[in-house]
S.K.: 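Provided herewith is a single structure, encoded as structure tokens, for subsequent inquiry.
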Protein chains: 2
Amino acid sequence: MARPREFEYETALQGAMDIFWQQGYRATNLPDLLQAMGLTRGSFYQAFGDKEATYLQALDFYDACVVSKTVDMLNQCNADDATACLLPLFQPNGKEARGCFICNAMVELGSENRRAAEKANAMAGRLRAAILGVLTRCGEGRGERSPSDTADLMLHLYFGKQAMGKAGGSSNDWEARLRSLL
Amino acid sequence: MARPREFEYETALQGAMDIFWQQGYRATNLPDLLQAMGLTRGSFYQAFGDKEATYLQALDFYDACVVSKTVDMLNQCNADDATACLLPLFQPNGKEARGCFICNAMVELGSENRRAAEKANAMAGRLRAAILGVLTRCGEGRGERSPSDTADLMLHLYFGKQAMGKAGGSSNDWEARLRSLL
DNA sequence: ACAGTTTAGAACCATTCAGTACAAAACAAG
DNA sequence: CTTGTTTTGTACTGAATGGTTCTAAACTGT
């Protein structure tokens, strides 16, 4: 019994995720954010609260979409070659400039916004668990190093690549390197 | 034949480095910056130009102080145990919240400020070269992996740890992990 | 048709932003 | 002491910031 909203919540949220992902939290001002979301101020503040709340929701949306997709990919991966399963995490995709939203959030807000840090850590934990799953399914426990340690190495390499990639300073040929440590 | 300045340039620059390192570029406003540098606006704009120029100079100062110190440490390290030489790079120092200025600059400005990205990449290159020096001096070329690839792995692990550490989500016991891949 | 809600969009708000202008102060050279 | 030059700190500026308010429109249930 009221006027229906003219925008789709998820579409707007995806726009928020895109712009925050690409520009970061502080570098995204309200006009940027509103344009990316396709909203005007009235609708935005009523539906999303404020900029910070929207950023936190964008992190959740990243979790639900991007992280979940990556986790699925890892879970469905062929269980005979860990290198081949994990290599996609290190493959250039042409979007290095925006990096990884988790990594961006950790670096920009990790030390000052506890909730953002918690969300980022939770997503990193999901990635780590999926990597660990690949390693155990591929029988990577045989060497001297525990699969858990190997998963930590992989996760840190991944975030290192995402961070360095934003400045264009990360190398590209990861297959040999990954294979050498699996 | 003029009034001498009352502040020391290097001291002020170190203050700028500290605050930019801790808070990042955008999150540091001019009052923050001026207080950290111990200057008022007049002196600041005359001596340092503007905020961006000061940030770039702060990166250079980080290179000249922090990076150089780390590189020296690696260069002077005992040439018989690569793990022991590189472990300090991964040791907690109680200042995880500020992370690594190089990593912070890469993630915050790498994709939008070419000069900041170049400086960050140059510093990362210096770290990589020093790591590579440790590896070759310690005879790490024997395995199947080239020292160059191992240096890249180490560098990416380092930046990954710095990024994750800002959100408090990086694990701590690196000795076994490093030893397992050297 | 009407009443009751919620939307959308623009006008508006105080605050903060980076940067400038300027006048007083502090020195050195003569 | 005077002159010339630079530093310093305050006052100021216009633009941009995130956020609020208000009006009119759009819709639903009765």
Side-chain angles (χ1 to χ4, degrees), chain A residues 1-61 104-105 108-109 112-116, chain B residues 1-61 104-105 108-109 112-116:
Chain A
M1 57 182 180
R3 174 178 178 178
R5 57 170 49 142
E6 296 177 3
F7 65 91
E8 286 180 36
Y9 193 90
E10 273 214 349
T11 307
L13 189 51
Q14 170 160 359
M17 177 189 73
D18 285 336
I19 196 73
F20 279 135
W21 185 359
Q22 182 175 6
Q23 300 191 349
Y25 179 73
R26 312 235 183 220
T28 302
N29 57 20
L30 222 39
D32 285 347
L33 182 57
L34 296 173
Q35 183 182 0
M37 299 178 79
L39 303 180
T40 55
R41 284 169 136 81
S43 315
F44 169 76
Y45 277 104
Q46 169 146 7
F48 290 90
D50 63 4
K51 187 183 168 186
E52 185 191 350
T54 308
Y55 184 84
L56 295 173
Q57 282 190 70
L59 282 178
D60 288 335
F61 193 75
N104 298 352
E108 185 181 4
L109 299 172
E112 71 173 286
N113 187 317
R114 221 189 72 238
R115 298 170 62 192
Chain B
M1 56 179 181
R3 176 177 177 178
R5 58 172 46 144
E6 295 177 3
F7 65 93
E8 285 180 36
Y9 192 91
E10 273 214 349
T11 307
L13 188 51
Q14 169 159 0
M17 178 188 72
D18 285 337
I19 196 74
F20 279 135
W21 184 359
Q22 182 174 8
Q23 301 190 349
Y25 180 73
R26 311 234 186 223
T28 302
N29 58 18
L30 221 40
D32 287 346
L33 183 57
L34 295 174
Q35 183 181 3
M37 299 178 79
L39 302 181
T40 56
R41 283 171 137 78
S43 314
F44 168 76
Y45 277 104
Q46 170 151 4
F48 289 91
D50 63 3
K51 189 182 168 187
E52 184 191 350
T54 308
Y55 184 84
L56 295 173
Q57 280 190 73
L59 282 178
D60 288 335
F61 194 74
N104 298 352
E108 185 182 4
L109 299 172
E112 71 174 289
N113 187 318
R114 222 188 72 235
R115 297 168 62 191

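Every chain is numbered from 1, with letters handed out A, B, ... down the list of sequences.
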S.K.: Within the 3.5 Å criterion, strictly below it, is a donor on A:Tyr55 or A:Glu108 matched to an acceptor on the partner's side chain?
M.R.: no
S.K.: Test side chain to side chain contact (heavy atoms under 4.5 Å, CB included) on A:Tyr25 and A:Asn113 and set out the steps.
M.R.: CA-CA 11 Å; A:Tyr25 179 73; A:Asn113 187 317; over 6 Å; no
S.K.: Ignoring hydrogens and geometry beyond distance, is the side chain of A:Arg3 in donor-acceptor contact with the base of C:dT7 at under 3.5 Å?
M.R.: yes
S.K.: Taking salt bridge (charged side-chain N to carboxylate O under 4.0 Å, His left out) as the definition, give me every residue that meets it alongside B:Arg5, ordered by chain and number, with sequence neighbours left out.
M.R.: none
S.K.: Rounded at 0.5 Å granularity, tell me how far OG1 in B:Thr28 sits from CD in B:Gln35.
M.R.: 11.5 Å
S.K.: In whole angstrom, give the distance that lies between atom CG of A:Leu39 and atom P of D:dG18.
M.R.: 15 Å
S.K.: Does anything in residues 21-37 of chain B come within less than 4.0 Å of DNA chain D? Heavy atoms only, and list the residues if so.
M.R.: none
S.K.: Any side-chain to backbone donor/acceptor pair from B:Asn104 onto B:Gly24? Under 3.5 Å, distance only.
M.R.: no
S.K.: First locate atom CZ of B:Arg115, then atom CG of B:Leu109, and finally report the distance between them rounded to the nearest 0.5 Å.
M.R.: 12.5 Å
S.K.: Distance check, rounded to the nearest 0.5 Å: A:Thr54 atom OG1 versus A:Phe61 atom CZ?
M.R.: 13.5 Å
S.K.: Only pairs at least two apart or in different chains count here, so list each salt bridge (charged side-chain N to carboxylate O under 4.0 Å, His left out) that has a residue in residues 38-61 of chain A.
M.R.: A:Asp60-A:Lys119
S.K.: Could you state the atom-to-atom distance from NZ of A:Lys51 to P of D:dT17 in whole Å?
M.R.: 9 Å
S.K.: Could you go through the side chain to side chain contact (heavy atoms under 4.5 Å, CB included) check for A:Met17 and A:Leu13 one step at a time?
M.R.: CA-CA 6 Å; A:Met17 177 189 73; A:Leu13 189 51; 5.9 Å; no
S.K.: May I ask you to list the residues of residues 5-14 of chain B, by number, that have any heavy atom positioned under 4.0 Å from an atom of DNA chain D?
M.R.: B:Arg5, B:Glu6, B:Phe7
S.K.: Scan residues 40-50 of chain A against DNA chain C and write down, sorted by residue number, each residue with any heavy atom closer than 4.0 Å; if none is found, say none.
M.R.: A:Thr40, A:Arg41, A:Gly42, A:Ser43, A:Gln46
S.K.: Output all residues satisfying side-chain hydrogen bond (donor to acceptor under 3.5 Å, both in side chains) with B:Ser43, sequence neighbours left out; order by chain, then residue number.
M.R.: none
